[in-house]
Amino acid sequence: MLKKMAIVLAAGQGKRMKSKLYKVLHPVCGKPMVGHVLDTVKRAGVTRNVVVVGHGAEAVQSYLGASAEYVLQEQQLGTGHAVKQAKDLLGSEEGTTIVICGDTPLVTSETLEGLMQLHESRGAAATVLTAHMDNPAGYGRVIRGEDGSVTKIVEQKDCNDAENAVQEINTGTYCFDNAKLFEALDKVTNNNAQQEYYLTDVVGIFREAGETVEAFMTYDAAESIGVNDRVALSEAEGFMRERLARKHMLNGVTIIDPSSTYIGADVEIGADTVLYPGTMLKGNTKIGEQSIIGPNTDIENSVIGDNVTVKQSVLVDAEVGNETSVGPFAYLRPGAKLGEQVKVGDFVEIKNATIDNGSKVSHLSYVGDAKVGKNVNIGCGAITVNYDGYNKAVTEIEDDAFVGSNVNLIAPVKVGKGAYVVAGSTITHAVPENDLAIARSRQENKPGYAEKIRGRAIAKKNNAKS
């Protein structure tokens with residue numbers, strides 16, 4: 001089997017993006033474009049990836065890490081010059097090499113597999129990925145011979161009338177015989193108006209040498225989109241969102257309104273889960289089967305179990321066990337871990353806390369830096385007071401305990417198994433197992449005192465008028 005390699009072109013500055021963020025790091029459905037491209041070539045069977053970096057090299061390398069090798073194009077002198085920078089790494093290799101731009105996030109692995117299969121089956125020196133466009137303005141045209149092979153690629157400004165009418169365009173993605181690619185690159189010159197070394201000139205060099213140059217047309221013209229400005233970025237985002245929604249629906253997920261539902265590129269969703277409008281699923285979120293998410297729910301980098309309900313809530317770096325309900329209007333912050341059959345209700349905030357199976361925090365409470373056992377009830381307005389302005393301390397509430405409404409648990413503190421904390425208490429010491437704790441001032445009633453207060457207020461008001 002031929003070795004499969006890829007050269008990802010990611011050295012351009014992307015001035016038209018008008019951004020401090022390097023172009024190929026702009027996200028599409030939550031993942032930087034170059035990340036999409038690298039993941040795609042890997043799924044297509046490529047085993048060695050070289051990324052050509054230039055402007056923003058450190059940022060690109062920081063994001064991609066050890067998933068690729070890198071070469072630097074210090075001066076941007078054209079696509080042919082960019083590919084040639086990989087010669088020291090790949091020039092001696094035998095096999096098939098894909099050349100693809102880092103700003104083409106919509107290309108699919110299925111398309112690249114088809115491209116390589118055609119290329120290798122025909123014994124071609126090069127195969128061009130093409131697309132059909134009803135309005136090909138601005139794109140280079142692919143000119144085929146009578147046998148269907150590619151005779152040349154013509155930029156629009158150089159097209160004659162017949163060539164200008166061609167609707168098959170060059171997407172900028174190619175497949176090459178690796179050894180022949182670098183041999184041909186040594187013959188490419190910059191004798192053109194831009195004084196740049198064009199990768200497309202390799203096609204002419206191959207044809208003059210009698211080599212075969214083929215073309216593989218993608219069925220979806222959207223795959224040809226190269227993102228050079230914010231308008232194209234928005235278009236790519238729209239196509240990707242539609243593609244992802246369709247994939248999940250075909251896998252058994254119900255999306256009530258795909259147009260108002262956002263699903264990130266790396267999100268996983270189980271069958272029979274229902275997504276209501278306004279749902280946003282981002283990052284490495286994983287959702288199990290038969291769950292109900294939304295409406296108006298934002299979940300990021302979180303793991304959600306089976307048969308879970310999350311309504312009108314925000315979850316970030318959280319874990320939710322099976323058959324648990326969250327919301328409405330709950331906020332699960334990083335480190336929140338809910339067990340099975342847990343209830344977290346409205347206006348509850350949980351941070352860096354574990355809540356075990358069967359426990360309830362039904363409304364208007366804050367649980368932070370805490371360990372809550374099984375079958376615990378935390379009443380309305382209860383707070384774990386975890387921060388003294390300098391350090392954070394842990395609250396422990398053991399199994400079967402009851403914490404009444406408007407209780408302050410001043411950490412570090414422990415409430416034992418089966419203990420009962422009376423509403424309105426401020427707890428500063430441990431509550432032993434099965435004890436009842438009450439920590440509030442004794443009520444004192446002053447007969448008639450309310451009437452005296454009102455009388456004084458009225459007198460003061462009358463004196464002010466006079």
Side-chain angles (χ1 to χ4, degrees), residues 297-303 310-321 324-444:
T297 291
D298 189 338
I299 302 177
E300 182 174 359
N301 295 326
S302 297
V303 178
V310 183
K311 295 182 179 180
Q312 291 142 322
S313 295
V314 176
L315 287 72
V316 180
D317 296 322
E319 296 180 19
V320 180
T324 287
S325 65
V326 178
F329 312 118
Y331 184 17
L332 270 57
R333 293 167 56 191
K337 297 181 180 180
L338 310 186
E340 298 185 355
Q341 297 180 329
V342 170
K343 180 182 178 182
V344 171
D346 53 292
F347 303 104
V348 171
E349 181 176 349
I350 298 175
K351 187 271 296 185
N352 193 30
T354 300
I355 300 181
D356 213 335
N357 301 343
S359 292
K360 299 178 181 179
V361 190
S362 294
H363 35 212
L364 297 163
S365 295
Y366 171 73
V367 180
D369 298 292
K371 298 177 182 178
V372 179
K374 297 180 175 65
N375 302 313
V376 171
N377 186 89
I378 297 179
C380 176
I383 297 173
T384 60
V385 185
N386 59 324
Y387 185 51
D388 63 6
Y390 300 95
N391 300 296
K392 293 181 180 179
V394 174
T395 298
E396 294 184 56
I397 306 174
E398 295 189 333
D399 297 351
D400 302 312
F402 181 94
V403 178
S405 297
N406 294 321
V407 165
N408 296 312
L409 299 173
I410 312 297
V413 72
K414 181 177 180 179
V415 178
K417 183 176 181 181
Y420 194 108
V421 180
V422 174
S425 296
T426 294
I427 303 299
T428 58
H429 301 289
V431 182
E433 180 176 331
N434 290 321
D435 278 7
L436 181 147
I438 181 168
R440 61 190 185 196
S441 298
R442 183 179 299 276
Q443 182 173 330
E444 181 180 354

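D298 meets the side-chain hydrogen bond (donor to acceptor under 3.5 Å, both in side chains) test with K282; sequence neighbours excluded. Partners of E349 by salt bridge (charged side-chain N to carboxylate O under 4.0 Å, His left out), not counting sequence neighbours, listed by chain and number: R333. Annotation: side-chain hydrogen bond (donor to acceptor under 3.5 Å, both in side chains) contacts of Q341 (sequence neighbours excluded): E323.
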Given V344 and T324, is the side chain to side chain contact (heavy atoms under 4.5 Å, CB included) satisfied, shown in steps? CA-CA 8 Å; V344 171; T324 287; 5.7 Å; no

Give the C-alpha distance, both sets of side-chain angles, the deciding distance and a yes or no for side chain to side chain contact (heavy atoms under 4.5 Å, CB included) between I350 and L338. CA-CA 10 Å; I350 298 175; L338 310 186; 4.0 Å; yes

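Note: K337 NZ to D317 CG = 11.0 Å, rounded to the nearest 0.5 Å. Between atom CG of residue D346 and atom CZ of residue F329 there is a gap of 8.0 Å, rounded to the nearest 0.5 Å. Separating the OG atom in S313 from the OH atom in Y331 is a distance of 12.0 Å, to the nearest 0.5 Å. I427 CD1 to T384 OG1: the interatomic distance, rounded to the nearest 0.5 Å, is 13.5 Å.
Residue I438 comes nearest to S425 through the heavy atom pair CA-OG, 3.5 Å, listed as atom of the first residue, atom of the second, then distance. Nearest approach of V361 to V367, heavy atoms of both residues: CG1-CG2, 4.2 Å. Closest heavy-atom contact between A401 and I397: CB-CG2, 3.7 Å. The shortest heavy-atom contact between I299 and S302 is CG2-CB, 3.6 Å.
Side-chain atoms of T297 come within 3.5 Å of backbone N or O of Q312 as a donor-acceptor pair.
The side-chain hydrogen bond (donor to acceptor under 3.5 Å, both in side chains) contacts involving residues 366-376 comprise K351-D369, N352-D369, D356-K374, Y366-N386, D369-N386, where partners must be two or more places apart or lie in separate chains. The list of side-chain hydrogen bond (donor to acceptor under 3.5 Å, both in side chains) pairs with a residue in residues 433-443, not counting sequence neighbours, reads Q443-N445.
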Return all side-chain donor-acceptor pairs below 3.5 angstrom for residues 404-421, not counting sequence neighbours, or 'none' if the list is empty.
from, atom 1, to, atom 2, distance (Å)
S405, OG, C380, N, 3.4
N408, ND2, T426, OG1, 3.4
K414, NZ, E398, OE2, 3.1

